[in-house]
Every structure is written in C-alpha cells, then in structure tokens.
Enquirer: 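Take this structure, written in structure tokens, and hold onto it; I'll ask about it next.
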Amino acid sequence: MLDITILRDSPDDIITMLHNRQQPEDEAKLRLLLEEDRERRRLVKESDELKSLRNRKSKEIAEIKKSGSGSTDALILEMQSVGTAIAEMDSRLTALEASMEDILLALPNRLHPSVPVGRSAEENEVFGEPVRFSHPLDFPLKNHLELGKSLGILDFERGAKVSGAGFPVYMGQGARLERALINFMLDSHTEKHGYKEVFPPFMVNRESLRGTGQWPKFSSEVYHMPEDELYAIPTAEVPVTNLHRGELLKAESLPISYAAYSACFRREAGSYGKDTRGFLRVHQFNKVEMVKFTRPEDSYQALEDIRGHAEAILKALEIPYRVLLLCSGDISANATKCYDIEVWSPAEDKYLEASSCSNFEDYQARRANIRFRRDAKSKPEFVHTLNGSGLATSRLMVSLMEHYQTPEGGIQVPEALRPYTGFSEITPPAQ
RNA sequence: GGAGAGGUGGCAGAGUGGUUGAAUGUGGCGGUCUCGAAAACCGUUGUGCGCGCAAGUGCACCGAGGGUUCGAAUCCCUCCCUCUCCGCCA
C-alpha cells in the first residue's frame, strides 16, 4: 500500500510509474482516489466540528444536571439533530474510505530508479555473468520426466490419481533427495548467514494475505477453504512476514532474518498449456524462503545480501544459473526491485525461474502495520520488508537431475548434498 | 463439539453512564544526588486522522463491527481471539 501523502504531493511520479509498469488504466483509479481524498478531508472537517460542538454541549448538560440549575430539554433536543447530522456524515465517510482503501490496495508499489524500464519479460536485464559449471554432457540427454520415470523417483501419474495434475509424488531416493535439498538450504541460511529458522503454518487467514499483498488482487491464485475461511499459502512469505503484523518492533532487534521451509500451493489458474510438463508448473512445491525486516536505509543492501544467499546455494551445488534484474513491465506489483534467479535446464535448453528476491520497502509493512521506533523520542516508522526464495526445489530439481545425469541414465548427487542424502548416486535399476 | 473466564497504553493492571485518553505499577527519556553507578526523589512519556509554516488545536481510538443515549472503556447485539475444564483425536 502506498502512502497517500505521496499520492497527494507527487501524483505525476505515480502516474509515470503506472505507465512504466504497463498498467496505464490505473491512472483513472488514482485520479478518482485523489478526488475522494479531497472530499474526505472536507467531510472530516465538518464532522469533527459538529462532534466538537456535541462534546461541549454534553458537558454543559452534565453540569446543569449536577447543579440542578435549570432545564436541559432544549439542549438535548438540539443535540439530537446534531447527532443525526453526524451519523449521516459519518456513513458517507465510511463509504468514501472503503472506496479509497480498495483503490489503495490495488495500486502497485513504486519502482526503484535502478529498475530498467521495459514492457515485458523480454526486456529484463541479465545481471552479472551467467554462472557456468563445466560438466561433460556429450551424450543423448534425458529430461527430468524421463529420468524421474526410469529411475522410479518421481511419479506424476499417481500424484494425479491421488490429487490431480500438478501434484507430484517423490519416491524413494527422489523423496530423500528432496528432503536433503531442503535441509541443506536451511542449514546454509541458518548456519552461514544468520537466519533464524521458522516452521510456519501452511494455512493462513485473509488478514495475512492482505498484509503481504496477495489479497485482494491475486486471490484467484490461492486455494481457499471457505468452511473455515482459511487459505493455503502460496509461499512462506505470507505467514513469516505476517508474524510481526501489527507489531511495534524494537529498533535493536533489526534486521530480523528468518528462513522457513514450507510447501507452497498455487492454483495456477489460466496458465494451462504453457510450460506445464512435469515440474515446470505444479500446484504444490517445496521452497525455503528468506524473509527480512530492516530499517529503511538498510533494505537495498539487504536485497543484495538475500540474492547472494540464494546464489550461494547454487554455487555450492554447482548448478548453472543466471540472475535477472526484472524490468518495470515484469516486476510484481508489490516489489520496488526484484532479481530472479534462473537455473539452467540442459534438456529443455532453457533457463527456469527458481528464485525471486524482492524489496517491498514499506509497501507490505504499511498494509500489515509493522513498525519500529528508532529511539525513545522518535515516532514509529514502517520497517522495510524483503524476501527471496532460497530456493524453490521443483525447478532446482529439474536442473539438478538433468545437469548431473550420467551416460548410464543415473544421477550423481552433488558433493555438498551427499552428507544429507547418504548416497552419492541414483543408479538405474538393473535390466 | 460442550461449559466457564477473559481481551484496556511498550509491558503488567485498575476502572460498570458525565472534566477517564484513561488510576497505579513497571519500562523508556530528562533531571536532582554521586568521583561514577545503584538506590531514592522530581518531572516527562500512546497512536491515527484533520487544520496550521510552526507553536498549537479539533476529532477518533480501551479485541472487531453494529446498536441504545444529549453523552459509552462502562449498557445491549453479532463476530473474532486467548485461557481453563470436559469430549474427540495425530
């Protein structure tokens, strides 16, 4: 959520941002909001003046009744009509404020000056050099589906039977490899980079979705259990960021860094037909997420740190990847700046998104009311929130399986992962 | 699922219709004392919105939303949450 004072003071900056984000149609919403804001302030003033009058007269009534020095009937009659006028005005205010909030919740975040202006994903910038790890793959390659099936470690068919398409089942060494990845990533973040481990709930209420920005705009992406008014989390970002919703944090507790594993659930409505095979698009996947709460002046350094921590996983696993700096037309509505990390899929011959690292500045903190006090004499300020996947295992698994496949049709386990798997290679079953 | 208790400021905890934005304690900040600290004592200390260059000033806020009233932390209704006991259960 944007600060309405910024909208008032520099609406042109926000309009430029809307155009850069390829959503010029929101300009009309912004103009309506500003109009409603003026009307609201006019009404507030009038209503407050009437309330002030009522407060004064009510005190008078109390004094007259106490001293028994006269009749209060006329005053009470007068205040009855004042009360009616106040109620009428306040109900108009309530409606106006509801409309303003709808617009404010729908408007996207500002953009950081370093974000390239571009229309779509094609105009994202490659950040730094793609990282390669030499690995001879000079034999006919299998893709992750073929490998998963022939090795008996992934079972999409039975997943579809049990739940539906897009719910993969990991079997045997595949399940162990998945768990090893999760443990390895959590250990890396907590032991090397100072994150505190969190194991969050996988279902949240609507307030939490609203706090991180999935509600109301992206609610169709989220599984909903209406009987209990609960939502399956699309990412651990939601429960972990909302841990501090409504809190006034101590300045010395910042920065707060959390790392959390969770399963992630996404409806992926309307995305059929594109990149849907196997792991490329699923309804349930596993992810280790990093979440940070920082002072405003520290958030952009923290974003670089998070990106580095995600990259450290891929470097340790020796999986080829590249980093993208998302352009204004592709970056998500909540973020001011975002890096995507993409792993290389040799069999698909393309990069797959495995991580997204974002700074939200105070956009989520304002929605979720997460503040801190710089020192005893200062007013509370909103913190900045950030998060990054570190990382999602499904696309990572694709890259790992394909990148580490052997000519015999097996998969070698990366060195760093072997203490976690307890085996160094997944070998094909004997014919 | 059933029964009961309760949700008040950073924290603890009074307050059941009229100077209560809210006693008191504690924590924070400033000061006195001290070589310094502790203790003691004195002062100060909520958030949001509106108006204002500012000093300031008006309004709102005692879990959330409604209602009664000239006036609500206080009375009524609905909902949410926490705790205790019972039942069921991994």
Side-chain angles (χ1 to χ4, degrees), chain A residues 1-9 33-105 199 201-211 215 224-231 239 242-254 256 263 293 362 365-383:
Chain A
M1 192 155 66
L2 293 166
D3 181 355
I4 192 156
T5 60
I6 291 174
L7 302 182
R8 266 180 220 152
D9 296 345
L33 177 71
L34 291 173
E35 202 175 295
E36 288 176 333
D37 180 49
R38 278 190 289 274
E39 173 69 1
R40 176 184 162 272
R41 282 187 286 170
R42 194 183 66 74
L43 273 174
V44 163
K45 196 170 176 218
E46 259 182 71
S47 167
D48 280 1
E49 278 164 7
L50 283 182
K51 284 173 186 164
S52 177
L53 175 72
R54 181 174 68 183
N55 288 343
R56 273 181 279 130
K57 296 293 180 186
S58 289
K59 263 177 205 166
E60 265 180 51
I61 292 169
E63 277 157 28
I64 292 168
K65 287 203 164 175
K66 213 174 184 179
S67 64
S69 63
S71 167
T72 56
D73 292 355
L75 263 180
I76 287 177
L77 205 65
E78 191 191 335
M79 286 309 107
Q80 276 174 345
S81 71
V82 168
T84 309
I86 289 173
E88 201 178 292
M89 237 173 253
D90 281 357
S91 77
R92 280 165 68 198
L93 267 174
T94 304
L96 206 52
E97 281 166 0
S99 165
M100 289 173 66
E101 177 163 289
D102 284 349
I103 296 173
L104 268 176
L105 285 174
F199 207 125
F202 290 2
M203 290 199 248
V204 295
N205 56 33
R206 187 183 294 180
E207 264 307 297
S208 292
L209 283 185
R210 211 184 84 117
W215 183 275
H224 179 206
M225 278 142 277
E227 212 168 23
D228 300 289
E229 265 310 297
L230 287 169
Y231 299 81
N242 278 281
L243 286 177
H244 294 299
R245 168 152 51 85
E247 292 185 12
L248 185 58
L249 301 170
K250 297 216 184 309
E252 56 276 17
S253 70
L254 300 176
I256 297 172
F293 304 78
D362 64 358
R366 196 177 292 278
R367 285 171 169 252
N369 193 26
I370 307 171
R371 298 174 301 170
F372 77 106
R373 204 190 289 279
R374 217 164 261 283
D375 55 67
K377 287 173 184 165
S378 316
K379 290 228 155 216
E381 297 171 55
F382 290 110
V383 299

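Below, chain A is the first sequence line, B the second, and so on; all start at residue 1.
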Enquirer: Measuring only the P atom in each nucleotide, how far is rG17(B) from rC76(B)? A whole number of Å is fine.
Expert: 12 Å
Enquirer: If you look at every strand shown and take non-hydrogen atoms under 4.0 Å, does K65(A) touch a base, only sugar-phosphate, or nothing?
Expert: base
Enquirer: Contact between D37(A) and R41(A) at the side-chain level, heavy atoms closer than 4.5 Å - yes or no?
Expert: yes
Enquirer: Could you list by number each residue of residues 36-46 of chain A showing a heavy-atom separation from RNA chain B of less than 4.0 Å, or answer none if no residue does?
Expert: R40(A), R41(A), V44(A)
Enquirer: Which residue, T5(A) or K250(A), contacts RNA chain B at a nucleotide closer to its 5' end, judged by nearest heavy atom?
Expert: K250(A)
Enquirer: In whole angstrom, give me the gap between the C1' atoms of rA60(B) and rA72(B).
Expert: 14 Å
Enquirer: Determine the Euclidean distance between corresponding C1' atoms of rU24(B) and rA14(B); express it in Å to zero decimal places.
Expert: 7 Å
Enquirer: Which part of the nucleic acid does I61(A) contact within heavy-atom distance under 4.0 Å: base, sugar-phosphate only, or nothing?
Expert: base
Enquirer: Does R56(A) reach a base, just sugar-phosphate, or nothing at all? Heavy atoms under 4.0 Å.
Expert: nothing
Enquirer: rA39(B) and rG31(B): how far apart are their C1' atoms, nearest whole angstrom?
Expert: 16 Å
Enquirer: For the backbone of M79(A) and the side chain of R54(A), can you confirm whether one donor and one acceptor N or O come within less than 3.5 Å of each other?
Expert: no
Enquirer: Side chains of S208(A) and N205(A): any donor to acceptor distance under 3.5 Å?
Expert: yes
Enquirer: Salt bridge or not between E60(A) and K57(A)? Use side-chain N to carboxylate O under 4.0 Å.
Expert: yes
Enquirer: What are the two closest heavy atoms between V82(A) and L50(A), and how far apart are they?
Expert: CG1-O, 4.0 Å
Enquirer: Within the structure provided, determine whether F293(A) and F372(A) are in side-chain contact (heavy-atom separation under 4.5 Å).
Expert: no
Enquirer: As a check on the pairing definition, encode RNA chain B in dot-bracket form, counting Watson-Crick and G-U wobble pairs whose two distances are under 3.5 Å, and using | for partners outside this strand.
Expert: ((((((((.[[[..)..(.....]]]((((((.......))))))((((((....)))))).[[[[[..)....]]]]])))))))....
Enquirer: Quick one: does T94(A)'s side chain have a donor or acceptor within less than 3.5 Å of a partner on D90(A)'s backbone?
Expert: yes
Enquirer: Quick one: does S99(A)'s side chain have a donor or acceptor within less than 3.5 Å of a partner on A95(A)'s backbone?
Expert: no
Enquirer: Decide yes or no for I103(A) and E36(A): does some side-chain heavy atom of the first lie under 4.5 Å from some side-chain heavy atom of the second?
Expert: yes
Enquirer: Using chain A heavy atoms and a threshold of under 4.0 Å, write down where along RNA chain B the contacts begin and end, 5' to 3'.
Expert: rG18(B) to rG71(B)
Enquirer: Want to settle it: does G83(A) or D48(A) sit nearer the 5' end of RNA chain B, counting the closest nucleotide to each?
Expert: D48(A)
Enquirer: Say you pick atom P in rC41(B) and the same atom in rU26(B); how far apart are they, in whole Å?
Expert: 9 Å
Enquirer: Side-chain contact, heavy-atom cut-off 4.5 Å: N242(A) with P239(A)?
Expert: no
Enquirer: Taking atom P in both rA12(B) and rG27(B), what distance in whole Å separates the two?
Expert: 15 Å
Enquirer: Can you find a heavy atom in the side chain of E39(A) that is under 4.5 Å from one in the side chain of R42(A)?
Expert: yes
Enquirer: Using the C1' atom on both, measure rC86(B) against rG15(B) and round to a whole Å.
Expert: 34 Å
Enquirer: If we ignore hydrogens and angles and just use 3.5 Å, is the side chain of R367(A) paired with the main-chain N or O of R210(A) as donor and acceptor?
Expert: yes
Enquirer: For atom C1', what is the distance between rA3(B) and rC62(B), given to the nearest Å?
Expert: 28 Å
Enquirer: Base, sugar-phosphate or nothing for K57(A)? Non-hydrogen atoms, less than 4.0 Å.
Expert: nothing
Enquirer: Tell me what R8(A) touches on the nucleic acid: a base, only sugar-phosphate, or nothing, going by heavy atoms under 4.0 Å.
Expert: sugar-phosphate
